[in-house]
Amino acid sequence: MAEHYIPDNLPTHLQHYIGGKLVDSIDGDTFDVLDPVTNKPYIKAASGKVADVAAAVAAAKDAFENGPWPGMLPRDRSRVLHKIADIVETRGRELAEFECFDTGLPITQALGQARRAAENFRFFADLIVAQHDDAFKVPGRQANYVNRKPIGVAGLITPWNTPFMLESWKLGPALATGNTVVLKPAEFTPLSASLWPGIFEEAGLPAGVFNIVHGFGEEGYAGDSLVKHPDVPLISFTGESRTGQIIFGNAAPYLKGLSMELGGKSPAVVFADADLEAAIDATIFGVFSLNGERCTAGSRILVERSIYDEFVERYSAQAKRVKVGLPHDDATEVGALVHPEHFEKVMSYVEIGKTEARLTAGGGRPAEFPEGNFIQPTVFADVAPDARIFQEEIFGPVVAITPFDTDEEALELANNTKYGLAAYIWTNDLKRAHNFAQDVEAGMVWLNSNNVRDLRTPFGGVKASGLGHEGGYRSIDFYTDQQAVHINLGAVHNPVFGKAEDAAEVIDA
Ligand code: NAD
């Protein structure tokens, strides 16, 4: 068996990055970060609190109000973003090795995430120079145009699954539009974020535009302090639906702009007329890639009754062949789950599943890994819609399969959870595919496809899966104010008091 790989260029400890400088917490507090293969602490990270967040927000606010970034020509900001993308590409291997070591993701998939992170910067670098704004004309009377402006300090709060890529997804548009940022990376996986300061400095991003505060999310800690800071008008959050609700409440008194990318329990619906082999391959990848720690995972598979037995048999056999291994091994398809707490949570669902449904593959720790957060790809069949493993987000390599008889029942089952992030539909019937896509409660739908995303399309969920959409121009909208400017071309009559007929001119409140 391959040996557990530990990158030889790990930093000695992780610090905040505030106003262009690496700094410890003001109170000196730190927390341990664990290696998911051994569960031993391998590094200490600075634990941010109210005062550290205040310092980071002050630096970001100063860079916004007094620095060059917000007022730079889009082309000039775009150049910096392209340079960031170039550096991320060049350092992709190093980055993926940090990510793989810290998160337990398979190295091949971490390399893909690094490529995607570079692409996120490149995409928004291009979009911002192509950005145009609306203008409206009332001939002879009035011209109106939209003046788009960066908003200020954006607070970015990210989860531990694919951390570097998800950070880039927020950093790209927030920076492209001229905002300054404070990033709060997830406490389980802060390592790859330690590469941002060097990347941004090399690319020429002015000091103070980008800041990091490490630490926990709860009250009194970094995440909560960022949400409650009055000088942070925007919060872009990705994480659990429950955390999203708390942040929503805490941001309410400040009336902040919020973007919420939350949890999922997405259905993959396989009709009898589908290309079965393609559907099995894709639904295996769809739930077991990224260790199953994937918001858009197709973790409920609904299968038409006439092919159900064959599907379950072939699917379970294929799940047993998915290779669990050390994250850094090129052959590994499922690595180690991120943290012992999360491992225990996923294992508890495996035990719940055994009481609720029929286990057809996996169901525990692989014998060759007595330690670390390794779980066999696990398949449950005959899962009833009221089962907890059908309703609740497990966020691990565990899938629930349920049969259906009619299109109506498939739709009812697909919509029968509180979530609504993604849906995958497998059928060769065009009419059925499009009708199902119309009716399914999901922010994103893929027909006969895995989760392959065009960066221009909206990204987001409905119901408990999110609030608002990012992606393409929607991200630009989120990170900018749109001011309407109205110009009188000479023929707009300005009403005056005292003239009865002028009162009728006042038509907008
Ligand atoms: P989490 O909600 O526990 O934590 C996410 C982040 O929020 C962390 O940085 C955490 O420190 C911070 N946080 C926690 N409490 C906070 C508070 N009160 N105030 C401010 N910040 C706080 O989520 P997680 O366990 O890190 O990530 C997994 C979840 O993320 C899953 O539910 C998954 O579906 C979801 N997710 C969604 C998407 C999407 O785009 N919809 C993408 C990836 C992950």
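Whatever order the structure lists ligands and atoms in, that order sets their numbers, starting from 1.
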Within the structure provided, determine whether E470 and Y479 are in side-chain contact (heavy-atom separation under 4.5 Å).
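A side-chain contact exists here, since the closest heavy-atom pair is under 4.5 Å.
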Within-4.5 Å side-chain heavy-atom neighbours: F374 and V334:
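Contact flag for F374/V334 side chains = no.
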Take atom CD of E94 as the centre, draw a 6.0 Å sphere, and report whether it contains more than 12 heavy atoms from other residues, nucleotides or ligands.
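More than 12 heavy atoms, drawn from other residues, nucleotides or ligands, come within 6.0 Å of this atom.
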Do the side-chain N and O atoms of R294 and S289 include a donor-acceptor pair separated by under 3.5 angstrom?
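Checked: R294/S289 side chains pair up, N/O donor to acceptor below 3.5 Å.
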Could you pull out every N or O of ligand 1 that sits under 3.5 Å from a protein N or O, with the distance for each pair?
residue: ligand 1; atom: 2 (O); partner: E240; partner atom: N; Å: 2.9
residue: ligand 1; atom: 2 (O); partner: T243; partner atom: OG1; Å: 2.6
residue: ligand 1; atom: 9 (O); partner: T158; partner atom: O; Å: 2.8
residue: ligand 1; atom: 9 (O); partner: K184; partner atom: NZ; Å: 3.0
residue: ligand 1; atom: 11 (O); partner: K184; partner atom: NZ; Å: 2.7
residue: ligand 1; atom: 11 (O); partner: E187; partner atom: OE1; Å: 2.6
residue: ligand 1; atom: 11 (O); partner: G217; partner atom: N; Å: 3.4
residue: ligand 1; atom: 19 (N); partner: G217; partner atom: O; Å: 3.3
residue: ligand 1; atom: 23 (O); partner: E240; partner atom: N; Å: 3.4
residue: ligand 1; atom: 25 (O); partner: W160; partner atom: NE1; Å: 2.9
residue: ligand 1; atom: 26 (O); partner: W160; partner atom: NE1; Å: 3.2
residue: ligand 1; atom: 30 (O); partner: G239; partner atom: O; Å: 3.4
residue: ligand 1; atom: 32 (O); partner: E393; partner atom: OE1; Å: 2.6
residue: ligand 1; atom: 34 (O); partner: E393; partner atom: OE2; Å: 2.6
residue: ligand 1; atom: 41 (N); partner: L262; partner atom: N; Å: 3.2
residue: ligand 1; atom: 41 (N); partner: L262; partner atom: O; Å: 2.7

Residue pairs, two or more places apart or on separate chains, that pass side chain to side chain donor-acceptor pair (under 3.5 Å) and touch residues 163-175
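Every side chain to side chain donor-acceptor pair (under 3.5 Å) pair that includes a residue of residues 163-175, provided the two are not neighbours, is N120-S168, E167-W196, K170-S236, K170-T238.
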Less than 4.0 angstrom from a charged side-chain N to a carboxylate O is my criterion; do R148 and D481 meet it?
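Answer for the salt bridge query: no.
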